[in-house]
Colleague: 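A single structure is presented below for examination.
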Number of protein chains: 2
Amino acid sequence: MITLKNLAERLNVSISTVSKALSDSDEISKETISRVKKLAGELNYQPNRVALSLKQNKTKTVGVIIPNILNRFFAMALYGIQNEATKLGYSIITCITNEQLVKEQESISLLSNGSVDGFIIAVSEETLLSSRIQHLQTLSEKRIPMIMFDRNLNDIECNKVIINDFKAAHEVTNMLINRGKKQIAFISTINDLNVGALRRIGYENAIKMSVLPDLNPMYLFIKKEDDYQGLIKNFLINNPNIDAIIAADNITGTITVNVAINMGYDIPKDISLIGFTDEVVSNLSIPKLSYIDQNAETIGENALRLLVNELNNKDLDNAYSTLKIPFTIVHKETTRSSI
Amino acid sequence: MITLKNLAERLNVSISTVSKALSDSDEISKETISRVKKLAGELNYQPNRVALSLKQNKTKTVGVIIPNILNRFFAMALYGIQNEATKLGYSIITCITNEQLVKEQESISLLSNGSVDGFIIAVSEETLLSSRIQHLQTLSEKRIPMIMFDRNLNDIECNKVIINDFKAAHEVTNMLINRGKKQIAFISTINDLNVGALRRIGYENAIKMSVLPDLNPMYLFIKKEDDYQGLIKNFLINNPNIDAIIAADNITGTITVNVAINMGYDIPKDISLIGFTDEVVSNLSIPKLSYIDQNAETIGENALRLLVNELNNKDLDNAYSTLKIPFTIVHKETTRSSI
DNA sequence: TTGAAAGCGCTAACAC
DNA sequence: GTGTTAGCGCTTTCAA
C-alpha cells in the first residue's frame with residue numbers, strides 16, 4: 001500500500017503538506033495541491049483505513065449480529081443494512097449466531113475490542129427463551145450505540161426497528177373473517193419467539209373481538225425438529241372444518257399449501273391461506289401463496305440509518321424510540337378475493 | 001475502552017511492563033505479572049484491535065464478496081466461512097454485489113485500503129458474462145491473497161474452491177440412464193454461469209456417451225425474469241415423453257415437482273426429478289425433491305482455511321491450486337430407486 | 001505556504 | 001526486572 005510518506009518522499013515535501021494538500025487545505029498553494037493530487041491519483045493512493053480509525057477513534061464499521069442467515073427475512077434485512085451502510089460510508093462485520101446464546105455473547109465480546117462503532121442485533125432464540133441478557137445490558141450500560149431489530153427485548157433500552165406483528169396478524173385475521181371464514185387456524189413454528197407470540201395474539205385478538213359468536217381460535221404449534229408435512233396433514237384430517245389458515249413463519253405456509261393440495265383440497269376454494277414470507281417463496285407452491293411482506297430490506301436500511309444517526313449524535317442524550325416499519329399484505333392465489 | 005496506559009497508571013508501572021506482563025514475558029517478575037493480570041481481568045481489558053492492526057500491519061479480517069445472499073448456496077457458504085473464521089481468530093467483512101459488476105468493483109476497491117488482509121470471492125453473474133475482470137487481475141498482480149469459490153474464472157490465477165459440477169451432473173444423468181430413463185430433460189435458469197454450463201455439459205456428455213442409441217438431450221432454459229411455472233408447464237405439455245428431469249439450480253426442481261403434480265403426473269412414477277439444492281428446499285414439495293448437495297458450508301470452510309493458510313505463508317511462493325469439494329447425491333422421494 | 005511534532009494504542013529493540 | 005524509545009499511517013496544532 002502506498003502511504004503519505006511515500007508520496008512525501010517522491011515529491012520532496014513533508015508528510016503534513018501532503019496530508020493537507022489532499023484535503024484541499026487553503027494553507028497549501030494551488031500548485032502544490034495539484035502536484036500532490038496528481039501523483040496520488042497516478043499511484044492510486046488510498047488513505048489507510050486502520051490508521052484513520054486509530055487516529056479518529058472510530059472505525060466506521062458496524063457489527064451486525066443475526067441468528068440465521070438461511071432465514072430469508074434476516075438475509076434480506078442484512079442486504080438492506082449492507083446497502084445502506086455502503087451508501088453512508090460504513091462497513092459491516094457480520095456474525096451469525098445460529099440461534100445460540102453463547103455465540104451471541106462471543107460475537108459481541110469479540111467485536112467490543114474497538115472493531116466496531118456500534119451494533120445492529122437480532123437476538124437469538126436461545127437468548128429470548130433464557131432471558132440471559134447480561135451481555136446486551138452491558139452494551140447498553142456502556143452506552144455503546146446499538147439497534148435491535150425484529151426480535152425485541154423489552155428489558156433492553158435502545159433504539160429498535162420492528163414491524164407491527166400484532167397488527168399484521170390482526171389485520172389479516174379480520175380480512176378473513178370479513179370474507180366469511182368460520183374456522184380460521186393458526187400454524188406456527190415460532191411460538192417461542194416474541195414476534196411469533198405477537199402474531200398469535202394478534203390473531204387471537206381478532207377472533208375474540210369479532211362480532212360473530214361462533215368463531216374460535218385453533219392452533220397448530222410445530223417444533224423445529226418435527227415432521228412438518230406429517231403434522232400439518234394430521235391437523236387437517238382432524239379438523240375438516242378449517243376454511244382458512246394463517247402461517248406465522250416463512251415456510252409452513254408453502255408446506256401447508258402442498259399438503260392440502262396433496263390431500264385433494266381445492267385451494268383457495270376450500271381453504272384460504274396466507275403466510276409471513278416473500279415473493280420468491282410464494283412462487284414455490286401452486287397455487288401461489290399470499291403473504292404478509294415484512295419489508296425486511298427496509299427494516300435493515302432503517303436500522304443502519306438509525307445507528308449511524310446515533311453514532312453521529314453520541315453526545316446528545318436522546319431518548320430511545322421504537323420504529324415500526326409498515327408491512328404489506330400481498331394477495332396472490334391462496335386468498336382470491338372472489339371466494 | 002480501557003488501554004494499556006490506563007492499566008500502567010493505576011499500577012504505577014510503565015506501559016511496556018504492562019504489555020510484556022500480559023504476554024507472560026519472562027523479563028517480568030511473577031509478582032508483577034499477576035498484579036497486572038489481576039487488574040486487567042477486573043477491568044476487562046481487551047487489546048485494541050485497531051492499534052494491533054496498525055502495528056502489525058495485518059487486520060486479521062477477510063473480505064467476503066458474494067453475489068446474492070438470498071441464494072441458499074451462498075448463504076450457507078457464508079456461514080461456513082464465518083464459522084471457520086471465528087475459529088481461526090479472523091473477522092469477516094461481507095459485501096453483497098447483487099450480481100452486479102459495478103458493486104463488485106466498488107466492494108473490492110473499498111476494502112483495498114487496508115481494511116482486510118485478503119479476499120474470498122464468488123464473482124457476480126455480470127462479471128462472468130462481461131469478462132471485465134481487471135479489478136480481479138489487479139488483486140492478483142498486487143499479490144493480495146484471494147480465494148475464488150463456486151464461480152470460477154479461468155483467467156484469474158489464484159487458489160480456488162469448487163465442486164465438480166460436471167461430474168455431479170454426469171453422475172446423476174448416468175444414474176437415471178441406468179434406471180432405464182429414456183427421455184431425460186435438463187432445466188436451468190443459470191446456463192449463463194460457468195457452473196450452470198458445466199452441469200449442462202456433464203448432462204450432455206453422459207447422454208452422448210451412453211451405449212443406448214436413442215437417448216437425446218432436451219433442454220429448458222429459463223431467464224430470471226420469466227414465468228417459471230408457465231414455462232415449465234408448457235415444456236411438459238410439449239414433451240409428454242419426458243420421464244426424468246434434472247434441475248440445474250436451487251428452486252426450479254421444486255417448482256417442477258409442483259407443476260407436474262398440478263398437471264396430474266404421478267411423481268416419481270411418471271417422472272423422476274433431481275435438483276441442485278438442499279434439505280430445507282427438499283421439504284417444500286410433495287413428494288420431497290431428491291437433490292445434489294453441494295456441501296456449501298464445507299466449501300466456505302475450506303475457502304477460509306485456504307486463505308488463512310495463504311496469509312500465513314505469504315512469503316513462500318506456492319503454486320495455486322483448485323480444491324474440489326465432494327458433492328453428495330441425496331435420494332428423497334422424487335427418485336425412488338424401486339422405480 | 002510549508003514543516004515539525006505530538007499522539008491515537010500497541011509492540012519490541014534497546015538501555016538501565 | 002523495568003523503563004525508554006521508536007514507529008505503524010494519519011491528522012492537527014503550532015512553529016517557522
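Chain letters run A, B, ... following the sequence lines, proteins first and then strands; every chain starts at 1.
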Colleague: Rounded to the nearest angstrom, tell me the gap between atom CG in A/Asn113 and atom P in C/dG9.
Modeller: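 Atom CG in A/Asn113 sits about 14 Å away from atom P in C/dG9.
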Colleague: Please work out if A/Val50 contacts a base, only the sugar-phosphate, or nothing of the nucleic acid, heavy-atom cut-off 4.0 Å.
Modeller: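 The answer is nothing, as A/Val50 stays clear of every strand by at least 4.0 Å.
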Colleague: Whether the side chain of A/Ser14 and the base of C/dA4 hold a donor-acceptor pair under 3.5 Å is what I'd like checked.
Modeller: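 Donor-acceptor pair under 3.5 Å: no.
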Colleague: Pick the nucleotide of DNA chain C nearest each of B/Ala51 and B/Ser16; which residue has the one closer to the 5' end?
Modeller: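 Its nucleotide being nearer the 5' end, the pick is B/Ala51.
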Colleague: What integer distance in Å separates B/Leu22:CG from C/dC10:C1'?
Modeller: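 Computing the B/Leu22:CG to C/dC10:C1' distance gives 11 Å.
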Colleague: Of B/Ser25 and A/Gln46, whose closest DNA chain D nucleotide lies nearer the 5' terminus?
Modeller: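 Result of the comparison: B/Ser25.
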Colleague: Starting at CD1 of B/Ile15 and ending at C1' of D/dT5, how long is that distance when rounded to a whole Å?
Modeller: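 So the two atoms are 11 Å apart, to the nearest Å.
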Colleague: Check the distance between D/dG3's P and B/Ile28's CD1 and give it to me in whole angstrom.
Modeller: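 Rounded to the whole Å, the gap is 8 Å.
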Colleague: Closer to the 5' end of DNA chain D via nearest nucleotide, is it A/Lys20 or A/Thr3?
Modeller: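 In this pair, the answer is A/Thr3.
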Colleague: For the pair A/Arg151 and A/Glu99, find out whether any cationic side-chain nitrogen is under 4.0 Å from an anionic carboxylate oxygen.
Modeller: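 A salt bridge is present here (some side-chain N lies under 4.0 Å from a carboxylate O).
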Colleague: Nearest to the A/Ser29 side chain among C/dT1, D/dT11, C/dC10, which nucleotide is it?
Modeller: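 Among the listed nucleotides, the one closest to the side chain of A/Ser29 is C/dT1.
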Colleague: Choosing from D/dT13, D/dG9, C/dC10, which nucleotide comes nearest the side chain of B/Leu52?
Modeller: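 That would be C/dC10.
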Colleague: Give the nucleotide from the list D/dG3, D/dT12, D/dG9 with an atom nearest to the side chain of A/Asn48.
Modeller: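 Of the options given, the side chain of A/Asn48 lies nearest D/dG9.
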Colleague: When the side chains of residues 141-148 of chain B are checked against the rest of the protein, which donor-acceptor pairs come out under 3.5 Å, sequence neighbours left out?
Modeller:
from, atom 1, to, atom 2, distance (Å)
B/Arg143, NH1, B/Asp317, OD1, 2.7
B/Arg143, NH2, B/Tyr320, OH, 2.6

Colleague: Could you tell me the separation between the CD atom of B/Glu9 and the C1' atom of C/dG9, rounded to a whole number of Å?
Modeller: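 Value for this atom pair: 13 Å.
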Colleague: Base, sugar-phosphate, or nothing for A/Leu54, non-hydrogen atoms under 4.0 angstrom?
Modeller: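 Base contact.
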Colleague: Verify the contact: side-chain N or O of B/Thr32 to OP1 or OP2 of D/dT2, cut-off strictly under 4.0 Å; return yes or no.
Modeller: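 The answer is yes; a side-chain N or O of B/Thr32 sits under 4.0 Å from OP1 or OP2.
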Colleague: Is A/Ser19 side chain donor-acceptor paired with the D/dT11 base, going by distance under 3.5 Å alone?
Modeller: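 When only heavy-atom distances are counted, A/Ser19 does not reach the base of D/dT11 through any donor-acceptor pair under 3.5 Å.
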Colleague: Please say which of B/Ser91, B/Ser115, B/Ser53 ends up in a side chain to side chain contact (heavy atoms under 4.5 Å, CB included) with B/Thr59.
Modeller: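 Testing each of B/Ser91, B/Ser115, B/Ser53 against B/Thr59, the sole residue satisfying side chain to side chain contact (heavy atoms under 4.5 Å, CB included) is B/Ser53.
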Colleague: For D/dC8 and B/Lys58 - does any side-chain N or O of the residue sit under 4.0 Å from the phosphate oxygens OP1/OP2?
Modeller: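 False: B/Lys58 side-chain N/O out of range (4.0 Å or more) of D/dC8 OP1/OP2.
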Colleague: Can a salt bridge be assigned to the pair B/Glu84 and B/Lys87 using a cut-off of 4.0 Å between side-chain N and carboxylate O?
Modeller: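 Between B/Lys87 and B/Glu84 there is a salt bridge, with a charged N closer than 4.0 Å to a carboxylate O.
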Colleague: Considering only side-chain heavy atoms of B/Lys5, which listed nucleotide, D/dC14, C/dC8, D/dC10, is closest?
Modeller: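 The listed nucleotide nearest to B/Lys5's side chain is C/dC8.
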Colleague: Would you mind reading off the distance between B/Met1 atom CE and C/dG9 atom P, rounded to a whole angstrom?
Modeller: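 The distance from CE of B/Met1 to P of C/dG9 comes to 9 Å, rounded to the nearest Å.
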Colleague: Would you classify B/Asp26 as touching base, sugar-phosphate or nothing, given that sugar-phosphate means primed atoms plus P, OP1 and OP2, and contacts are heavy atoms under 4.0 Å?
Modeller: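 Sugar-phosphate contact only.
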Colleague: Can you find a side chain N or O atom of B/Tyr45 that sits less than 4.0 Å from OP1 or OP2 on C/dC10?
Modeller: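 It does, given that an N or O in the side chain of B/Tyr45 lies less than 4.0 Å from OP1 or OP2 of C/dC10.
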Colleague: Separation of B/Leu11 atom CG from D/dG1 atom C1', in whole Å?
Modeller: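 Checked: the CG to C1' distance equals 15 Å.
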Colleague: Check the phosphate of D/dG3 against B/Thr17, side-chain N and O only, distance under 4.0 Å to OP1 or OP2. Yes or no?
Modeller: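 True: B/Thr17 side-chain N/O within range (under 4.0 Å) of D/dG3 OP1/OP2.
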Colleague: Give the rounded distance in Å between these two atoms: CD of A/Glu27 and C1' of D/dC14.
Modeller: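 Roughly 10 Å, once rounded to whole Å.
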Colleague: Between B/Leu4 and B/Tyr45, is there a side-chain heavy-atom distance shorter than 4.5 Å?
Modeller: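 B/Tyr45 reaches B/Leu4 side chain to side chain.
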Colleague: Give me the one residue out of A/Ile121, A/Val123, A/Leu136, A/Leu139 that meets side chain to side chain contact (heavy atoms under 4.5 Å, CB included) with A/Ile156.
Modeller: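 Result: among A/Ile121, A/Val123, A/Leu136, A/Leu139, A/Leu136 is the only option passing the side chain to side chain contact (heavy atoms under 4.5 Å, CB included) with A/Ile156.
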